[in-house]
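Working notes for the structure below.
Throughout, protein chains are lettered first and strands after them, A, B, ... in sequence-line order, and every chain is numbered starting at 1. Since the model is a prediction, treat every value here as computed from it, not as a measurement.
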Amino acid sequence: MEKEKLYFLVGPTASGKTAVSIELALRLNAGIVSADSIQVYRGMDVGSAKPTRAEQRGILHHMLDVVDPKERDFSVARYREEALICVSDILSRGKKPLVVGGTGLYVNALVYPLDFPLAPPNEELRACWNKREAEQKGSAHTKLRALDPETAARLHPNDVKRVIRAIEICEATGKMLAEQGCDFTRRDDESLPYIPVMAGLNLPREALYARIEARVDEMLRAGLLDEVRGLLGRGIDPACPAMQGLGYKQLAAYLRGECALSEAIEAVKRETRRFAKRQLTWFRRETRIRWFDATEYNGPAALSDAVCGYFTEA
RNA sequence: GCCUCGGUAGCUCAGUUGGUAGAGCAAGGGACUGAAAAUCCCUGUGUCGGUGGUUCGACUCCACUCUGAGGCA
């Protein structure tokens, strides 16, 4: 059976993915699957730059608003499971699936046959090792060296989250990570569920940073502070994963009186710049991506013409 | 016009009896397998304002000069 093509539009935050994706979907007759770790949360709209109904222009959007911010256990595994259903749903309607987003791990979960090990998060175990680690730095890594030396060698002792997750996997499955049989460093397309056709949006760094700053200011004008206040008012724990999102975290700190508003805003901008840099590091390693510089095109329509050309000949 | 204090990394500044420089922040690079907008690792990027001079050797001392702030006129 011939494999279907799966289109991707990736890139750092504020590179203009949303506008291009809508234009692109109109041209391709596509349905959009978001690959964004914050847009999945209901009520986190302004801060995640979630496309509004009007902006969506009738294009089907999936993987938006699929979980309440109160839920602490949304994960890549669940994202993959649900997003793959969305992809086949789009295909069954005779449309093309277009994955759009900047969360590299989520993108990889759709490109690669990542069967996550059968080791769901174990809050108790995590809390236990976080505590031990706080008392004695490096103790989690020492434990991992005994359970899974290969993974321990690969992970830095300070990378506590990953070290603890590796322990979690070993304890739950009785096997080491390398024995779990999934690997997204593989370059052979044979094993992939779909044929990935990937486009990346980028801008010269200075232009990207200028857009980030302008967009943060725009979000504030659009009511980001009220959005954050509303979430906290609903009793959402500021420490939960959803509230670690850019903008939410810093403004929540301001609302708690921990800093001045201007400081919080500067922090949002700075952290967003750093995030964009990390996104680029992630995507640069994916050699399948064909990159488009947004400054070389006159607006999203022209850009999507170019991307569409690449998609249809690929 | 005179006096004083400055001019060193993108920014704020250190720099010890003269041996071509270092902190914080910003920034850059990398990693990433059920928290990923999370988490973690690595890196100093420099005509030391300019030109001459003294010296084996000048960011450091001297002269002149450009420039910023303040003070006195």
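- Nearest to the side-chain atoms of L114(A) among the listed nucleotides A35(B), U33(B), U39(B) stands U33(B).
- When each of A27(B), G34(B), U33(B) is scored by its nearest atom to the side-chain atoms of E168(A), the top-ranked nucleotide is G34(B).
- Nucleic acid contact for S48(A): base, since at least one base atom lies under 4.0 Å from a heavy atom of the residue.
- Checking G34(B), C40(B), A36(B) against every side-chain atom of W282(A), the shortest atom distance belongs to A36(B).
- Neither OP1 nor OP2 of C25(B) sits under 4.0 Å from any side-chain N or O of R270(A).
- Mapping G245(A) and L280(A) onto RNA chain B by nearest heavy atom places L280(A) at the nucleotide closer to the 5' end.
- As a whole-Å value, the separation of F74(A) CZ from A35(B) P is 11 Å.
- With A27(B), C40(B), G29(B) as the choices, the nucleotide that has an atom nearest any side-chain atom of R273(A) turns out to be A27(B).
- Taking the side chain of N158(A) as heavy atoms from C-beta on, and the options U39(B), C41(B), G34(B), the nearest nucleotide is C41(B).
- For the pair R42(A)/K70(A), no side-chain contact is recorded, criterion being any heavy-atom separation below 4.5 Å from C-beta on.
- Between T281(A) and R72(A), the residue anchored nearer the 5' end of RNA chain B, judged by the nucleotide with its closest heavy atom, is T281(A).
- Regarding contacts with the backbone of G29(B), a side-chain N or O of R205(A) is found under 4.0 angstrom from either OP1 or OP2.
- For R162(A) against A38(B), a side-chain N or O and a base N or O form a donor-acceptor pair under 3.5 Å.
- Rounded to the nearest 0.5 angstrom, S48(A) OG and E227(A) CD are separated by 7.0 Å.
- Ranking U33(B), A36(B), G34(B) by closeness to the Y106(A) side chain, first place goes to A36(B).
- With distances taken from any side-chain atom of T103(A) to the nucleotides A27(B), A36(B), A35(B), the minimum falls on A36(B).
- Close to A36(B), at under 4.0 Å from its OP1 or OP2, lies no side-chain N or O of R278(A).
- Residue G47(A) is in base contact, counting any heavy-atom pair closer than 4.0 Å across all strands shown.
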